[in-house]
Structure formats: C-alpha cells, structure tokens
Number of protein chains: 2
Amino acid sequence: MGEISHIKEQLSEVGLKATHPRIVVLQKLMTSHDHPTAENIHETIKEDNPSISLGSVYRVLDVLVEAGLIQRVSVRSGSKRYDANMNPHGHIYCLKTNRIQDFYDEELYGLINEFFRKKKIRNFRINEIKLQVNGERIDPEDDVTII
Amino acid sequence: MGEISHIKEQLSEVGLKATHPRIVVLQKLMTSHDHPTAENIHETIKEDNPSISLGSVYRVLDVLVEAGLIQRVSVRSGSKRYDANMNPHGHIYCLKTNRIQDFYDEELYGLINEFFRKKKIRNFRINEIKLQVNGERIDPEDDVTII
DNA sequence: TTACTTGCAAAGGCTTTGCACCGAT
DNA sequence: ATCGGTGCAAAGCCTTTGCAAGTAA
C-alpha cells in the first residue's frame, strides 16, 4: 500500500497520470527481475486486474519507456522485453533458457566509461552504452554468478 | 566474377549449396556496410534478380546466420538487420537516422575480453559479447568517428 | 537422381491504432 | 468539466511456412 503511493509518486514526478493500468504494470515491473514481455505482464496482472487489456499494457509500456521509468531490452527472441532497473548494468542472455539476468561490475563499467570519456567521438552524442553477454547456462535451473 | 567464386567457396566451406539466391544475398551483404534489413536486401537485389522472392531472402538470411557467415543485429527499429562483418566489433546506433555503424577499438576490446577472462563466471558459457552505443549524430549526413 | 531449395501466397506472431467510453486531475 | 487514457477489436507490419516445382551436387 505504501508501495503503491510510491509508484504513484514516480508517475506524477514524470508528469503522468497515475491511472490503474500504469500503477499495476509499473509495480509488476519493479518487483520482478525476469525481464517479462508485454504478454507475460498481461498474463500475470490479469488475475487481479481482469479489466486491463493487452493493448493497454502495450500502450502503458510505451509511455513508461518514453518517460524513462523503464527500458526495453531486445534479445534474439521474438518479443521485446522490459526492465525497471534503470541503473547502469549489462545483460546476460541465455540462448538455451531465454532468461535474461542483469549484471553490474564497477570495475568493468569504470573501464568502459573512462574509455568513452577519453576518446574523441566526433559527430555523436552518446545516450547509453549497452553490454550484452550471450551464451548458455550449464545448468538451466541455476543462476549465473560473476565473482 | 572472381568475387563470385569466392562467395561460392565460402558457402561450400560451411556445407551449403551455392544457390543463386544465397550467392546474391551474401555478396550484397559482403559489399555493403549499412546493415540492411531483409526488405532492403530484397529491394536492392531484385533489380538484377527479379525472380528472387522476399520469402527466400528471409530463408537465406536464416541459413547464413545459422552457418555463421553473417550475423543479426537487433536495434530499436522494427526489423532485424544483417551484418557480414564477423570480426569482433561493436555498433554505434543513431536513433535519429536509424543508421548503424561498426566500430572497433583494440584497447577497449582488450579490456573487455581480459575482464571476462579474469572473472570467474559460474554456470555460463560465453558465446559473444555485444557492445552497442546508442545516441544521436549531430550532423545526420556525416559519419561518426572515434579517434 | 535425389535431397535440398525456391517462389508463391497464405498464415502467423507481435504490436499498433481508431473509436467511443471512462476517469484522474 | 476537461483532456487524456482505456477497452475492444480490427488492422498493420514483419516474418515464417506449406506446397508444388525447380535445381545443385
């Protein structure tokens, strides 16, 4: 409940009306780390919110991306996937299980950022730097860990 | 002409029949650096090869990717795009023009590779590491250069 | 010759959109 | 009360696929 008012705040902070579909979709994304598709989200939320249509989920996701509250993640798979983690981080994508796992390493991101800060890049304003590591889990059930 | 026999060799080296659509599509990709979509490729080649269908272009692209002769590049834009540059490299994607430009820097790739070689990654076999820099060109007509 | 590939056109999956109604501010 | 958001269903875009005919090896 306190959570929901926090979600509402986030929405109005970026100038969006705190409508029911927006609150539900954003909350779902902020409390899951599985990078769901629009359809995944619809499936999950419709149990408690049967009136929210799939079309609205798509529209809400577009608006949230546009507002910078969530981001789209593109992988090989068919559908676009969504992520409410807006801190800098990379994605580990498993081609076997189709799972996406966030990862962040301060040292690595330090290196990459420093590289682009030092280099002269002509005719381009950098928005974001995306790092994606593709491969396969050995044990599909287990998480990947970077030590 | 000597080019075409080189293309045919590449195809048979990976065990693919050197059919006309495959030769034409692969040649187009190897001589362009604009990361075209399936439809772009079809448009370009159909002037000289009116019988090659769009469906076949899609099938040929799938086969070439599967064989490791080309790679798919996913960006925000609607369609998948293709790249015959199989050397390690990153992509600079301009949201304004939708253009993709390859880039490679030995130092940066050295850092990233060394990072992943040194770190212990549990439960994952890395296939490829993708680096994509999103942003906007200042002059949409001009190339981006990294010095 | 034989198994694979293609052209064609239809089907499929994911996403967007028009419209009338509804609701947050 | 107003303007923007939503549900619904239809349309749209990109891609895949079944089948009969064609072709590289």
Side-chain angles (χ1 to χ4, degrees), chain A residues 4-5 7-28 35-43 45-46 48-67 69-82 98, chain B residues 4-5 7-28 35-43 45-46 48-67 69-82 98:
Chain A
I4 287 185
S5 61
I7 302 265
K8 287 186 182 177
E9 265 174 42
Q10 292 218 29
L11 288 167
S12 42
E13 264 170 31
V14 296
L16 294 176
K17 281 190 192 172
T19 66
H20 185 61
R22 287 174 182 171
I23 294 164
V24 172
V25 169
L26 185 52
Q27 187 179 32
K28 158 69 185 146
H35 307 78
T37 65
E39 189 146 16
N40 292 155
I41 294 169
H42 185 238
E43 284 298 316
I45 66 179
K46 83 174 174 197
D48 290 331
N49 309 272
S51 74
I52 298 178
S53 70
L54 179 57
S56 293
V57 172
Y58 276 106
R59 266 183 300 216
V60 166
L61 289 169
D62 283 350
V63 168
L64 296 180
V65 168
E66 190 64 30
L69 292 176
I70 66 171
Q71 64 176 308
R72 245 185 282 268
V73 184
S74 314
V75 284
R76 274 167 171 54
S77 76
S79 313
K80 285 164 191 154
R81 298 172 64 166
Y82 295 86
N98 215 27
Chain B
I4 288 186
S5 62
I7 302 265
K8 286 186 183 177
E9 264 174 42
Q10 294 218 30
L11 288 167
S12 41
E13 265 171 30
V14 295
L16 294 177
K17 282 189 191 173
T19 66
H20 184 62
R22 287 174 183 171
I23 294 165
V24 172
V25 169
L26 184 53
Q27 187 179 32
K28 159 68 185 146
H35 307 79
T37 65
E39 189 147 15
N40 292 155
I41 294 169
H42 184 237
E43 285 297 317
I45 66 179
K46 84 173 172 198
D48 290 330
N49 309 272
S51 74
I52 298 178
S53 70
L54 179 57
S56 293
V57 172
Y58 276 106
R59 267 184 300 215
V60 165
L61 289 169
D62 283 350
V63 168
L64 296 180
V65 169
E66 189 65 30
L69 293 176
I70 65 172
Q71 63 176 308
R72 245 184 285 268
V73 183
S74 313
V75 283
R76 278 169 169 51
S77 78
S79 314
K80 285 164 190 153
R81 298 172 63 166
Y82 296 86
N98 215 28

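Heavy atoms only: backbone and side chains are in, while hydrogens, waters and symmetry mates are out. Note that the coordinates shown come from a computational prediction; the quantities given were computed from them, not determined experimentally. In what follows, every chain begins at residue 1, and chains take the letters A, B, ... in the order their sequences are listed.
In this structure, A:Ile52 atom CD1 and C:dC22 atom P are separated by 17 Å, rounded to whole Å. When the C1' atom of C:dT6 is taken as reference, atom NZ of B:Lys46 falls 17 Å away, rounded to whole Å. Going from atom CZ of A:Arg76 over to atom P of D:dT16 covers 14 Å, rounded to whole Å. B:Leu54 places its CG atom 11 Å from the P atom of C:dG7, with the value rounded to the nearest Å. Across the protein-nucleic acid pair, B:Tyr82 atom OH and D:dC14 atom P stand 13 Å apart, rounded to whole Å. Per the geometry, NZ belonging to A:Lys80 stands 14 Å off C1' belonging to D:dT15, to the nearest Å. We find that CG of B:Leu61 is positioned 13 Å from C1' of D:dC14, with the value rounded to whole Å. A:Ile23 places its CD1 atom 8 Å from the P atom of C:dA24, with the value rounded to the nearest Å.
Checking C:dA3, C:dT6, D:dC3 against the side-chain heavy atoms of B:Val60 singles out C:dT6 as nearest. Checked against D:dG5, C:dC4, C:dC14, the side chain of A:Lys17 finds its nearest nucleotide in D:dG5. Counting only heavy atoms from C-beta on, B:Pro21 has its side chain closest to C:dT6 among D:dT16, C:dT6, D:dT6. When each of C:dT6, C:dG7, D:dT6 is scored by its nearest atom to the side-chain atoms of B:Thr19, the top-ranked nucleotide is C:dT6.
In this structure, B:Ser51 reaches the sugar-phosphate backbone alone: every heavy-atom distance under 4.0 Å involves primed, P, OP1 or OP2 atoms, never a base. Looking at heavy-atom distances under 4.0 Å, B:Arg59 makes contact with a base.
No side-chain heavy atom of B:Glu43 sits less than 4.5 Å from a side-chain heavy atom of B:Leu54. Two residues are said to be in side-chain contact when any heavy atoms from C-beta on lie closer than 4.5 Å; B:Arg72 and A:Arg76 fail this criterion.
Regarding contacts with the backbone of D:dT15, a side-chain N or O of B:Tyr58 is found under 4.0 angstrom from either OP1 or OP2. Listed pair B:Ser56 / C:dG7 meets the phosphate criterion, a side-chain N or O lying under 4.0 Å from OP1 or OP2. Side-chain N/O atoms of B:Thr37 include none lying less than 4.0 angstrom from OP1 or OP2 on D:dC14.
Between B:Asp62 and B:Ser12, the residue anchored closer to the 5' end of DNA chain D is B:Asp62, taking for each the nucleotide with the nearest heavy atom.
With rounding to the nearest 0.5 angstrom, the NZ atom of B:Lys8 is 10.5 Å from the OG1 atom of B:Thr19. Expressed to the nearest 0.5 Å, how far CD1 of A:Ile7 lies from CD1 of A:Ile23 amounts to 8.0 Å.
Nearest heavy atom pair, residue A:Ile52 against residue A:His20, reads CD1-CD2, 3.9 Å.
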